[in-house]
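Worksheet: one structure, shown below.
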Amino acid sequence: MLNTIPELLRKKSVQAIFQTPTMQNVWPTWLNEIHHHLGANFAENDIINLGDNLGNIFRSTAIAGRDQGALSSGGTAWESLVCWYINLCCVGSRIVAIKTMSMVPKPIQDATTINYANFACNTESDITVIIFPNANDYNQDVNNLNIIDDHGNTIPTTVTGRINPHALNFLTERDFLNLEIGVIQCKTNWNDNAQIPMLWDMIYSAGGFSGRNITIGRNNFNIQHVRNFTYSFVTVPSNARANYNQNSVAVKRVTNLSGGNFWGQHTNVGVARSVKEIFNNNYSSGSRTNLRNDLRQALPDFKKNGDLEYFKLL
DNA sequence: ACGGGGATAGTGGCTAAGCA
DNA sequence: TGCTTAGCCACTATCCCCGT
């Protein structure tokens with residue numbers, strides 16, 4: 001079960017997260033905090049409930065004062081944590097979160113591109129979530145798949161044990177109409193940055209503005225052609241003294257996003273929901289049974305040096 | 001006119017991805 | 001491998017709005 005296309009992509013995505021020096025710096029501290037929240041003999045609910053504490057985990061590496069380096073790395077660190085968490089909760093499903101844009105299959109990169117006249121401003125989508133269709137090619141062990149391209153040639157699913165990007169590009173192109181895609185905008189602070197997700201969501205929702213030569217998509221891949229597309233906002237938030245209520249501008253700016261707004265703490269009704277709610281809200285069709293059940297079956301693999309060791313939970 | 005609270009705009013060194 | 005550059009965010013002075 002853990003050798004499917006989505007699982008191989010997940011592994012590649014999570015391994016990439018741990019490549020950055022920033023992540024290697026913060027991880028020992030975060031892991032302590034994560035273990036503290038998970039408890040000794042954790043179950044699937046403990047993993048999902050980490051979402052209520054992502055903000056605390058993030059802040060456990062907060063540096064006194066604020067040098068510019070901390071500011072810069074903060075954004076990367078938060079994106080990494082959210083991407084790690086989503087993949088963690090989605091083990092066993094067809095839902096995969098990817099932080100590195102170059103790892104996103106080409107058709108999806110093309111579809112999310114926004115063209116401002118001739119200028120392709122590649123959306124700085126922090127995290128791209130792909131929900132693969134409920135089809136054989138995404139449910140079976142990759143060794144049992146036989147993927148034939150348009151010329152009748154077999155495309156290998158893996159290259160030296162890792163997923164073959166060409167196979168992924170081919171499949172996402174072939175099954176494009178049945179894909180679901182989620183874009184997640186991550187920001188550590190909420191106040192001023194709320195404008196950004198609001199504006200991108202407007203453009204995606206409008207499908208571009210033809211009169212002004214603003215269009216979405218390249219190579220005939222359009223985000224409005226996939227089965228479902230959501231745009232969401234996930235914040236820490238790092239603004240310690242901020243007092244958010246349902247009338248705050250920052251709140252109003254993101255409450256209407258197609259994918260909703262979330263934060264790394266307990267849900268505050270009318271303000272923001274815990275990031276753990278993002279799965280039911282946006283990605284539920286990607287679960288094989290349901291999120292908890294998929295996760296429960298994978299639990300043993302977290303607790304030994306097994307298939308899921310790459311999450312570095314040990 | 002005044003005061004207070006909330007929103008806004010600007011700052012600026014570091015990080016990491018991309019490229020040659 | 002080294003260089004270039006887009007992108008990162010916490011804090012503060014200032015602006016704006018509204019009630020008194």
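Predicted model, so just to flag it, every value in this text is computed and none were measured. All values below come from the heavy atoms of this structure, side chains included, with hydrogens, waters and symmetry mates left out. Per chain, numbering begins at 1; letters A, B, ... match sequence-line order.
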> Are A:L199 and A:V251 co-members of a hydrophobic cluster defined by side-chain heavy atoms under 4.5 Å apart?
Replying inline: no
> Closer than 4.0 Å, any side-chain N/O of A:R59 to the OP1 or OP2 of C:dA10?
Replying inline: no
> In whole Å, what is the span from the CZ atom of A:F233 to the P atom of C:dC9?
Replying inline: 9 Å
> How many Å lie between CZ on A:R253 and C1' on B:dG6, as a whole number?
Replying inline: 13 Å
> Does one side chain, of A:R162 or A:Q15, offer a donor that lies under 3.5 Å from an acceptor on the other?
Replying inline: yes
Can you give me the N/O atom pairs linking the protein to nucleotides 16-20 of chain B at distances under 3.5 Å, or say none if there are none?
| unit_1 | atom_1 | unit_2 | atom_2 | d |
| --- | --- | --- | --- | --- |
| B:dA16 | OP1 | A:T22 | N | 3.2 |
| B:dA16 | OP1 | A:T22 | OG1 | 2.1 |

> Nearest to the side chain of A:N189, which nucleotide is it out of B:dT8, C:dA10, C:dC8?
Replying inline: C:dA10
>> Under the rule for ring-ring contact (aromatic ring centres under 6.0 Å, His included), what residues qualify as partners of A:F42, not counting sequence neighbours?
In response: none
>> Could you list the cluster mates of A:V159? Members are the ILVMFWY residues connected by side-chain heavy atoms closer than 4.5 Å, either directly or through other members.
In response: none
>> Once you measure the plane-to-plane angle for A:F58 and A:W30, does it fall in the parallel (<30°), tilted (30-60°) or perpendicular (>60°) bin?
In response: tilted
> B:dG6 C1' sits how many Å from A:K252 NZ, rounded?
Replying inline: 15 Å
> Please give, in whole Å, the distance from C:dA6 P to A:I196 CD1?
Replying inline: 16 Å
> Are A:L314 and A:W27 connected in a single hydrophobic cluster, I mean Ile/Leu/Val/Met/Phe/Trp/Tyr linked by side-chain heavy atoms less than 4.5 Å apart?
Replying inline: no
